[in-house]
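Structure record follows, encoded as structure tokens.
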Amino acid sequence: MAGAPWLHSPVKRAIDAMVATCALAVLSPIIAATAVAVRIRLGSPVLFRQQRAGRDAHPVDIIKFRSMTDERNASGELLPDADRLPPFGRLLRASSLDELPQLWSVVRGEMSLIGPRPLPAKYVARYSPEQRRRLEATPGITGWAQVHGRNALDWPSKLAHDVWYVDHASPAVDARIVLLTVHAVFAGSGISASGHVTMPEFQGET
């Protein structure tokens, strides 16, 4: 099935650019304060950057406020995520403040406000043909999977929600996602999978 026409509509792109620009202006004091807090509590660098798979699997750089320390074991290897995520980092993630720098990516057109979350590039080869269809959309800051369980979902369910969005994207669906995102952020729901600080690595279909 072809993706919904709204996915790559010039109107959707214009709304993304306008809303993200306004949000950056309005939220600039919060963004600045968060950056200072991260520098004081976690040190440098303030930003976390990682290359992930965007639309059609093209690489896109994800920029977030850093939420983990760089603690290492005696061999110099990074400790597990759960051991490097302090209470301050958990607060950043629970409030979604760590996601605010991605508004710059929306302004540049690398991301959308609404769409499947960009995942590590190494996952692309592990997708089934149906799951790979999530890459037909520009990745988003929030999306259908994020408002239906976020990281509390298992991988097949999360990816199925992403594909559903590809086929059903519309202005009404995007508006609903925005409202549900606000509710999810205030509720602090679905931040992590059971037994993990975020999600276990996606290993593909078994």
Side-chain angles (χ1 to χ4, degrees), residues 1-27 30-31 52-58 60-65 92-120 123 127 130-193 198-199 202:
M1 181 185 294
W6 176 249
L7 275 180
H8 308 303
S9 164
V11 177
K12 179 176 172 65
R13 170 60 195 144
I15 292 173
D16 278 345
M18 179 181 66
V19 173
T21 300
C22 292
L24 283 170
V26 172
L27 297 174
I30 295 176
I31 293 173
R52 299 191 182 181
R55 179 182 173 186
D56 297 327
H58 293 306
V60 58
D61 287 328
I62 291 300
I63 305 173
K64 303 171 69 172
F65 280 122
L92 284 180
R93 293 188 176 196
S95 63
S96 294
L97 288 173
D98 62 322
E99 307 280 1
L100 292 180
Q102 291 173 60
L103 290 168
W104 288 110
S105 298
V106 176
V107 171
R108 292 196 300 263
E110 298 169 356
M111 291 181 65
S112 175
L113 293 172
I114 311 294
R117 288 293 297 160
L119 298 175
Y123 289 6
Y127 294 147
E130 179 69 7
Q131 291 169 343
R132 189 182 175 89
R133 295 193 58 241
R134 71 187 303 278
L135 299 174
E136 295 174 21
T138 301
I141 294 178
T142 187
W144 194 245
Q146 279 59 54
V147 299
H148 284 85
R150 199 174 174 182
N151 290 330
L153 295 171
D154 59 27
W155 277 114
S157 298
K158 176 180 282 194
L159 300 178
H161 280 302
D162 289 340
V163 174
W164 185 94
Y165 178 76
V166 167
D167 290 333
H168 297 86
S170 69
V173 169
D174 280 8
R176 183 178 179 187
I177 290 173
V178 169
L179 293 176
L180 291 174
T181 297
V182 173
H183 177 270
V185 169
F186 279 102
S189 59
I191 298 169
S192 60
T198 51
M199 284 284 289
F202 175 63

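Keep in mind it's a predicted model, so treat the numbers as computed, not measured. Position 1 is the first residue of the sequence, and the numbers go up from there.
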Search all heavy atoms of [X] against all heavy atoms of [Y] and return the closest pair with its distance.
| X | Y | answer |
| --- | --- | --- |
| Arg150 | Ser96 | NH2-OG, 3.9 Å |
| Phe65 | Ile31 | CZ-O, 3.5 Å |
| Pro139 | Val60 | CG-CG1, 4.5 Å |
| Ser95 | Val185 | O-CG1, 3.6 Å |
| Ile62 | Pro118 | CD1-CG, 3.2 Å |

Nearest 0.5 angstrom please: [X] [atom1] to [Y] [atom2], how far?
| X | Y | atom1 | atom2 | value |
| --- | --- | --- | --- | --- |
| Asp56 | Glu136 | CG | CD | 8.0 Å |
| Thr138 | Leu7 | OG1 | CG | 7.5 Å |
| Ile114 | Thr181 | CD1 | OG1 | 5.5 Å |
| Asp98 | Leu100 | CG | CG | 8.0 Å |
| Tyr127 | Leu119 | OH | CG | 4.0 Å |
| Arg108 | Leu103 | CZ | CG | 11.0 Å |

Between Arg117 and Met111, is the side chain to side chain contact (heavy atoms under 4.5 Å, CB included) condition met? List the steps. CA-CA 9 Å; Arg117 288 293 297 160; Met111 291 181 65; 3.8 Å; yes
Practice prompt. Take the angle between the ring planes of His161 and His148 and call it parallel below 30°, perpendicular above 60°, tilted in between.
Written response: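 Aromatic pair His161/His148 classed parallel.
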Subject >> Intermediate values then yes/no, side chain to side chain contact (heavy atoms under 4.5 Å, CB included), Val163 and Glu130 >> reply: CA-CA 8 Å; Val163 174; Glu130 179 69 7; 3.2 Å; yes
Fill in: Main-chain N/O of Asp162 paired to Arg134 side chain as donor or acceptor, under 3.5 Å
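A pair under 3.5 Å: no.
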Between Tyr165 and Gly143, is there a donor-acceptor pair closer than 3.5 Å when you use the side chain of the first and the backbone of the second?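 No, the answer is negative, given that no donor and acceptor are paired below the 3.5 Å cut-off.
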Check your understanding: Considering the options Thr21, Val11, Val106, which one meets the side chain to side chain contact (heavy atoms under 4.5 Å, CB included) requirement together with Asp16?
Key ->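 The side chain to side chain contact (heavy atoms under 4.5 Å, CB included) with Asp16 is passed solely by Val106 among Thr21, Val11, Val106.
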Next on the checklist: Looking at Trp6, I want to see if its CH2 is surrounded by more than 12 non-hydrogen atoms of other residues, nucleotides or ligands under 6.0 Å.
Outcome noted: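 Yes.
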- In sequence, state the C-alpha distance, the side-chain angles, and the governing distance for Lys64 and Leu92, and then conclude on side chain to side chain contact (heavy atoms under 4.5 Å, CB included). CA-CA 10 Å; Lys64 303 171 69 172; Leu92 284 180; over 6 Å; no
| request: Go through Val173 and Trp144 one step at a time and tell me if the side chain to side chain contact (heavy atoms under 4.5 Å, CB included) criterion holds. | output: CA-CA 9 Å; Val173 169; Trp144 194 245; 4.2 Å; yes
Query raised in the report: Considering only heavy atoms from C-beta outward, does the side chain of Ile177 approach that of Gln146 to under 4.5 Å?
Result: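 In short, these two side chains do not touch, never coming nearer than 4.5 Å.
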